[in-house]
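Start at 1 and go down the list; that is how both ligands and their atoms are numbered. Source: prediction; values computed, not measured. Start at 1 with the first residue, then count along the sequence.
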Amino acid sequence: MTIFDTSRRDFLRNLLLGTAALATTGLDLRAQEALAQNKGRKLGVALLGLGKYSSGQLGPALRETKLCYLAGVITGHPEKGEQWAATYNLNKKNIYSYDNMEQIAHNPDIDIVYVVTPPALHPEYTVRVAKAGKHVISEKPMATSVEGCDRMIAACKKAKVKLAVGYRLHYDLYHKEMMRLAKEQDFGPFMKMTGDRGFIFGQRAWRIDKKLAGGGPMMDLGIYIVHGACMAANGVAPVSVTAHEEPKTKPELFNEVEETIRWTMDFPNGAKCDAVTSFNHSADQFRIEGAKGWMEFKQHAFTYRGIVAETSRGPLNFTPINQQAAHMDDFADCILTGRETPVGGEMGRRDIQIITAIYEAAHTGKPVKVKA
Ligand code: NAD
């Protein structure tokens with residue numbers, strides 16, 4: 001028997017033992033095998049930026065994930081780090097600041113860093129994380145410029161680490177159904193799309209600071225409609241856009257960014273999306289129509305809880321899932337198996353390219369071609 005045969009036999013035996021031990025975890029076979037190959041070790045995630053989304057959604061989701069767990073944090077506030085260590089029973093050596101975060105390079109507990117800061121900072125932190133040799137998830141919008149996205153993609157490619165964008169809706173069952181309908185064309189191609197997403201924003205914060213947010217509701221909320229319309233177009237991007245900004249009702253607050261913006265997106269097959277996003281009204285709806293039927297997200301179209309949706313065949317009633325947990329587990333699975341993430345940097349870059357064209361159209365009052 002060759003050394004190869006022995007080690008292969010041991011490997012398979014360990015794999016099966018690991019798989020048997022994991023069979024009760026509710027993981028599918030592929031994920032069980034991926035975890036067994038990693039000797040049952042879940043991947044460690046460090047959250048960078050401990051604001052509302054991290055504390056309200058991502059931290060709790062990491063209690064539900066099966067292939068990864070919260071291993072550390074990177075924060076500008078040492079007291080927050082202490083609090084998180086107590087809440088999540090973190091090893092104190094895994095608490096980093098923005099000044100010493102390069103040291104994660106030497107920490108085998110941390111495989112993935114999830115960047116959850118204002119968008120303008122995503123490129124800088126992503127590049128630093130990639131240089132430290134760790135995989136990255138960046139929150140949406142991926143950056144405030146296409147150039148920022150390019151830097152993120154290049155740094156991750158150079159460091160041979162994976163990059164994903166926080167597009168959690170790819171894992172939501174209602175949105176998966178939309179993608180299935182778009183692909184299989186039960187209702188024909190979706191030719192008419194309409195979307196409205198907004199909330200009333202009344203305070204000065206980074207979301208209306210152009211330097212940190214890159215824009216107003218378009219960057220924060222409109223991006224969901226841009227992204228959703230590309231999902232409904234079966235992954236195809238629009239070829240041209242038009243846009244106009246509505247007059248401001250609170251010019252003193254929205255002195256750097258738009259308050260409400262309306263836009264259209266024209267797709268290569270003639271499909272059209274009409275949309276509006278605003279920091280001056282509440283809405284979260286999306287409707288898509290084909291020649292043979294339609295799908296409508298009536299409430300919480302792009303939110304993580306409470307989606308109400310139906311198609312021309314009747315109401316949809318999927319069991320809600322934790323979108324953030326599903327997203328992070330899938331990224332961990334991609335790392336463990338060497339698969340490409342379905343929500344990679346190129347997709348984040350595409351959306352910033354579309355949004356850049358929308359802003360240009362609003363600025364010039366003319367239709368703008370979306371660069372391929
Ligand atoms: P937040 O203001 O609550 O938190 C931002 C965090 O970044 C804070 O901990 C803050 O201390 C830190 N930070 C680091 N450097 C900073 C700087 N120079 N200025 C300001 N803050 C700085 O914001 P949030 O709601 O948690 O949003 C963070 C990111 O997550 C954004 O990209 C946002 O679009 C995204 N987000 C995504 C979803 C989603 O559903 N995918 C939901 C909410 C937020």
Side-chain angles (χ1 to χ4, degrees), residues 45-62 73-84 95-101 113-126 128-129 136-145 148-149 152 163-172 174-175 197-199 201 203-228 231 256-257 277 279 284 300-307 320-328 330-331 343 345 347-348 351-352 355:
V45 177
L47 294 175
L48 184 158
L50 304 178
K52 281 210 195 72
Y53 194 55
S54 283
S55 47
Q57 306 305 326
L58 299 175
L62 283 160
V73 292
I74 300 169
T75 173
H77 303 92
E79 69 287 357
K80 274 200 208 169
E82 293 289 328
Q83 259 172 24
W84 276 70
I95 304 172
Y96 293 89
S97 71
Y98 298 125
D99 296 329
N100 70 8
M101 61 175 272
V113 174
Y114 197 146
V115 178
V116 205
T117 61
L121 308 171
H122 296 169
E124 176 200 329
Y125 289 128
T126 297
R128 289 174 67 185
V129 171
V136 191
I137 307 176
S138 161
E139 247 322 308
K140 51 56 57 180
M142 181 171 166
T144 54
S145 68
C149 299
M152 294 162 78
L163 170 62
V165 181
Y167 288 140
R168 56 183 166 72
L169 289 166
H170 278 253
Y171 303 94
D172 173 77
Y174 293 90
H175 287 259
R197 185 149 205 231
F199 65 76
F201 201 85
Q203 82 223 17
R204 193 144 286 290
W206 68 257
R207 279 184 167 78
I208 53 170
D209 174 335
K210 187 148 197 240
K211 224 165 98 224
L212 282 172
M218 186 72 228
M219 276 287 182
D220 196 39
L221 305 175
I223 188 169
Y224 286 96
I225 303 176
V226 167
H227 192 83
M231 273 177 170
E256 294 185 11
V257 300
T277 185
F279 276 157
D284 196 0
H300 303 295
F302 302 107
T303 314
Y304 14 88
R305 267 182 282 282
I307 294 178
I321 60 145
N322 185 317
Q323 298 168 358
Q324 289 83 0
H327 174 246
M328 289 188 278
D330 188 62
F331 190 56
V343 290
M347 187 177 266
D351 293 349
I352 298 305
I355 290 174

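By the 4.5 Å heavy-atom criterion applied to side chains, W206 and P119 are counted as neighbours. The side-chain heavy atoms of F302 and D172, taken from C-beta on, include no pair separated by under 4.5 Å. With contacts defined as side-chain heavy-atom distances shorter than 4.5 Å, the pair L62/L47 qualifies. Using a 4.5 Å heavy-atom threshold, the side chains of Q83 and H77 count as separate. Side-chain contact between H170 and M347 is present, with at least one heavy-atom pair separated by less than 4.5 Å. In this structure the side chain of M142 reaches within 4.5 angstrom of the side chain of L163, judged on heavy atoms. At a threshold of 4.5 Å between non-hydrogen side-chain atoms, the residues K140 and D220 count as touching. Counting heavy atoms from C-beta on, the side chains of I352 and P141 come closer than 4.5 Å.
For Y171 and Q324, the side-chain atoms include no donor-acceptor pair closer than 3.5 Å.
The N/O atoms of K52, backbone and side chain alike, include one that comes under 3.5 Å of an N/O atom in ligand 1. At least one N or O atom of R168 sits closer than 3.5 Å to an N or O atom of ligand 1. Between G51 and ligand 1, a contact under 3.5 Å exists for at least one N or O pair. The N/O atoms of L212, backbone and side chain alike, include none that comes under 3.5 Å of an N/O atom in ligand 1. Ligand 1 has a nitrogen or oxygen under 3.5 angstrom from a nitrogen or oxygen of R207.
Among all protein heavy atoms, the one lying closest to atom 14 (C) of ligand 1 is Y98 OH, 3.5 Å. Counting only heavy atoms of the protein, atom 23 (O) of ligand 1 lies nearest to W206 NE1, 3.4 Å. Of the protein's non-hydrogen atoms, the one nearest atom 37 (C) of ligand 1 is E139 OE1, 3.1 Å. For atom 10 (C) of ligand 1, the nearest non-hydrogen atom of the protein is K80 NZ, 4.7 Å. In terms of protein heavy-atom proximity, atom 29 (C) of ligand 1 is nearest to T117 O, 3.4 Å. Counting protein heavy atoms only, atom 34 (O) of ligand 1 is closest to K140 O, 2.8 Å. Residue, atom and distance of the protein heavy atom nearest to atom 42 (C) of ligand 1 are Y53 CD1, 3.2 Å.
Other residues, nucleotides and ligands contribute at most 12 non-hydrogen atoms within 6.0 Å of the NZ atom of K210.
Of the heavy atoms in Y224, only side-chain atoms (C-beta onward) come closer than 4.0 Å to ligand 1. Using a 4.0 Å cut-off between heavy atoms, V116 contacts ligand 1 through both its backbone and its side chain. Of the heavy atoms in L121, only side-chain atoms (C-beta onward) come closer than 4.0 Å to ligand 1.
Each of the following atoms of ligand 1 lies closer than 4.0 Å to a heavy atom of H122: 32 (O). Residue-ligand proximity, L50 to ligand 1, at heavy-atom distances under 4.0 Å covers atoms 9 (O). Counting the atoms of ligand 1 from 1 in the order shown, those under 4.0 Å from a heavy atom of Y304 are 40 (O). Those atoms of ligand 1 that come under 4.0 Å of a heavy atom in D220, given as number and element, are 34 (O). Atoms of ligand 1 lying under 4.0 Å from any heavy atom of H77, numbered from 1 in the order shown and given with element: 11 (O).
Residues I74 and L50 share a closest heavy-atom pair of O-CG, 4.5 Å.
Taken from CZ in F199 to OG1 in T277, the straight-line distance is 9.0 Å, to the nearest 0.5 Å.
Within the 4.0 Å heavy-atom shell around ligand 1 one finds P118.
At least one donor-acceptor pair under 3.5 Å links the side chain of H175 to the backbone N or O of A301.
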